Amino acid sequence: GPKVLQIPSHQIIDMGQMVTLNCDPVSNHLYFYWYKQILGQQMEFLVNFYNGKVMEKSKLFKDQFSVERPDGSYFTLKIQPTALEDSAVYFCASSLGEDTQYFGPGTRLLVL
Amino acid sequence: QQKVQQSPESLIVPEGAMTSLNCTFSDSASQYFAWYRQHSGKAPKALMSIFSNGEKEEGRFTIHLNKASLHFSLHIRDSQPSDSALYLCAVRRGSALGRLHFGAGTQLIVIP
């Protein structure tokens, strides 16, 4: 089936540093999403993105977060500066505009 | 705020058994209901989805939705050891851009 790739699979950084999480969505998909899962908790929606714009974001999507997909390359989630509570697994997803969102395997972020 | 709850938290069944997983949701305006399967460290993979009340069968898997009861379920016929995974239910309110609300998951183990 369609595959979404995420790079890196793991990232460890010091609090206050900037981090960029990369997502390579399914090639013809138009809608892109980030979800966050803190250890032991449910996966929660962060943001969705279409036609170069953020369409909807949750209260978890803090001012320190930003997303972009320049020129059809990676769909990225940038956190600047990072905080301890940003430690989580971040899942990227994409969809064609139909109903199924296809997920990547996640990036495990640890902020020290 | 949509609340999605899954039961049971974990389940052990013998190979060949019927497995039933449950999901309840709180937002009666929900329109899209899906099940994902996730093996450890891998991407959540979409299994089945349904929009309207009733049942939908695909192979050994059947999804059943009762909107009035705010409940849907996944039934796995002739469970196999390869079905062992974390099963996530997801609910969405409206359009293809809408956020998915996930349950915490049911960990299924199928014993040969």
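Below, chain A is the first sequence line, B the second, and so on; all start at residue 1. All values derive from a computational prediction rather than experimental measurement.
- Residues B:W35 and A:M43 do not share a hydrophobic cluster, clusters being chains of Ile/Leu/Val/Met/Phe/Trp/Tyr side chains in contact below 4.5 Å.
- For CE of A:M15, the number of neighbouring non-hydrogen atoms (other residues, nucleotides, ligands) closer than 6.0 Å is 12 at most.
- The environment of NZ in A:K62 is crowded: more than 12 heavy-atom neighbours from other residues, nucleotides or ligands sit within 6.0 Å.
- Contact of A:S58 with chain B is made through backbone and side chain together, with heavy-atom distances under 4.5 Å.
- Nearest heavy-atom pair across B:R99 and A:K57 is NH2-O, 3.6 Å.
- Heavy-atom neighbours of A:Y74 OH from other residues, nucleotides or ligands within 6.0 Å: at or below the threshold of 12.
- More than 12 heavy atoms of other shown residues, nucleotides or ligands fall within 6.0 angstrom of atom NZ in B:K67.
- Atom CG of A:L39 has 12 or fewer neighbouring heavy atoms from other residues, nucleotides or ligands inside a 6.0 Å radius.
- When side chains are defined from C-beta on, A:Q101 counts as touching B:R92, because their heavy atoms get closer than 4.5 Å.
- Side-chain heavy atoms closer than 4.5 Å link hydrophobic residues (I, L, V, M, F, W, Y) into clusters, and following such links, possibly through other members, connects B:L47 to B:L11.
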>> Using side-chain contact (heavy atoms from CB on, under 4.5 Å), reason through B:L88 and A:F103 one step at a time and then give a plain yes or no.
In response: CA-CA 13 Å; B:L88 301 168; A:F103 282 79; over 6 Å; no
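- Of the atoms belonging to B:A34, not a single heavy atom falls under 4.5 Å from chain A.
- Contacts between B:Q6 and chain A at a heavy-atom distance below 4.5 Å are absent for every atom of the residue.
- In terms of heavy atoms, B:P44 sits closest to A:G104 at CD-O, 3.7 Å.
- Between A:Y35 and B:Y36, the distance from one ring center to the other does not fall under 6.0 angstrom.
- When side chains are defined from C-beta on, A:F91 counts as touching B:Q38, because their heavy atoms get closer than 4.5 Å.
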